[in-house]
Amino acid sequence: MFRIVLGDITKETVDAIVNAANTSLLGGGGVDGAIHRAAGPELLAECRTIHGCKTGQAKITKGYRLPAKYVIHTPGPIWNGGTRDEERLLRNCYENCLRLAAENDCQSVAFPSISTGIYRFPLEKASRIAVRTILEFLEAHPDIEVRMVCFDRETLGYYGTALKEQTEFL
Ligand code: ADP
């Protein structure tokens, strides 16, 4: 099942939430800062043992004080006009997070809009890539629930449109 909702990802009661992290995995602004604040200092302590993560890859930790059991950390690409393979790297983020969630027996996983904040990936392109990649994964894993958690109405609007576009012909 796929749902697009408006909300704060740190409040989601799912097996895993995804963190739009940076490659150090040592915390940052935006959703990353919010997740670390809500999870407590134990999350940063575990992240220190991981030694970072490459753009487009994903690593899993426990959720500590969050309602979610796990946090899957993925550094999205920084938008550079589309010249640095950003679209493929963003797709890799969603694919690798979903693969890790399935490998860890997660029945439900929540995503923020990766790269469309501080990393400035255009929302229209990012939402299409995210929705397409999630729908492809769900074809192979129909029992998993994937939630796209949008923090503002503009983001919600783009993801809603992307879903409508991609399910129109089904
Ligand atoms: P990036 O560096 O990957 O662009 P950001 O954290 O700056 O990551 O932004 C990614 C998206 O996450 C943006 O749409 C931002 O509004 C959103 N966001 C920020 N805080 C939260 C939150 N608590 N829950 C869900 N989404 C959030």
Side-chain angles (χ1 to χ4, degrees), residues 2-41 43-44 47 50 52-98 100-101 106 108-134 145-163:
F2 183 39
R3 289 173 57 205
I4 298 169
V5 301
L6 188 65
D8 175 349
I9 200 164
T10 65
K11 307 270 195 313
E12 292 290 318
T13 48
V14 284
D15 291 330
I17 65 169
V18 171
N19 180 13
N22 57 50
T23 54
S24 77
L25 298 189
L26 297 180
V31 71
D32 194 1
I35 289 171
H36 275 277
R37 277 193 298 278
L43 179 60
L44 184 58
C47 284
I50 296 177
C53 182
K54 289 186 183 150
T55 301
Q57 302 299 302
K59 299 219 173 144
I60 193 165
T61 65
K62 288 187 272 187
Y64 299 97
R65 301 179 200 177
L66 290 165
K69 187 170 175 202
Y70 298 111
V71 180
I72 299 175
H73 307 261
T74 186
I78 298 171
W79 181 254
N80 199 271
T83 60
R84 299 206 182 143
D85 223 5
E86 295 95 314
E87 300 196 27
R88 185 183 61 84
L89 289 166
L90 187 63
R91 180 181 172 84
N92 289 351
C93 287
Y94 285 93
E95 277 180 350
N96 285 317
C97 287
L98 290 164
L100 257 187
C106 295
S108 52
V109 45
F111 280 93
S113 177
I114 299 167
S115 283
T116 67
I118 297 160
Y119 285 179
R120 304 214 340 263
F121 202 116
L123 250 177
E124 185 172 4
K125 275 188 202 302
S127 58
R128 286 178 173 160
I129 292 166
V131 169
R132 193 182 323 125
T133 310
I134 291 167
E145 182 193 337
V146 180
R147 242 179 257 177
M148 198 63 228
V149 183
C150 302
F151 202 49
D152 56 75
R153 292 199 177 272
E154 187 193 13
T155 303
L156 182 74
Y158 275 101
Y159 280 83
T161 301
L163 179 61

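For ligands, and for the atoms within them, numbers begin at 1 and follow the listed sequence. Values reported hereafter were calculated over all heavy atoms of this structure, with side chains retained and with hydrogens, waters and symmetry mates removed.
Those atoms of ligand 1 with a heavy atom of G30 less than 4.0 angstrom away are 6 (O). Set against the non-hydrogen atoms of D8, the atoms of ligand 1 under 4.0 Å away are 22 (C), 23 (N), 24 (N).
Proximity of a side-chain donor or acceptor of N22 to a complementary backbone N or O of G27 within less than 3.5 Å is detected. Formation of a donor-acceptor pair under 3.5 Å by the D152 side chain with backbone atoms of T155 is found in this model. A donor-acceptor contact shorter than 3.5 Å links the side chain of S108 to the backbone of D15. Counting only distance, with no hydrogens or angles, the side chain of T74 and the backbone of Q57 share a donor-acceptor pair below 3.5 Å.
Scanning all heavy atoms of the two residues, the minimum distance from C93 to I114 falls at CB-CD1, 4.1 Å. The two residues L66 and A38 have their closest heavy-atom pair at CD2-CB, 3.6 Å. Across all their heavy atoms, P77 and E86 have their closest contact at CG-O, 3.4 Å. The two residues W79 and R120 come nearest to each other via the heavy atoms CB-O, 3.3 Å.
Residue contacts with ligand 1: R120 is placed with no nitrogen or oxygen under 3.5 Å of a nitrogen or oxygen of the ligand (distance criterion only). Residue-to-ligand polar distances place V31 within reach of ligand 1: an N/O pair is separated by less than 3.5 Å. No N or O atom of I114 sits closer than 3.5 Å to an N or O atom of ligand 1.
Residue contact annotation: S115 has a non-hydrogen atom under 4.0 Å from ligand 1.
Atom 8 (O) of ligand 1 has A20 CB, 4.0 Å as its closest protein atom, hydrogens excluded (heavy atom only). Nearest non-hydrogen protein atom to atom 7 (O) of ligand 1 is I118 N, 2.8 Å. Looking only at heavy atoms of the protein, atom 9 (O) of ligand 1 is closest to G117 CA, 3.3 Å. For atom 25 (C) of ligand 1, the nearest non-hydrogen atom of the protein is I9 N, 3.6 Å. Among all non-hydrogen protein atoms, the one lying nearest atom 14 (O) of ligand 1 is T116 OG1, 3.6 Å.
In this structure, of S113, A34, C150, the residue bringing a heavy atom nearest to atom 10 (C) of ligand 1 is S113. Counting only non-hydrogen atoms, the option in F111, F151, Y158 that gets closest to atom 27 (C) of ligand 1 is F151.
Side-chain atoms of T161 and S127, non-hydrogen and from C-beta on, never get closer than 4.5 Å to each other.
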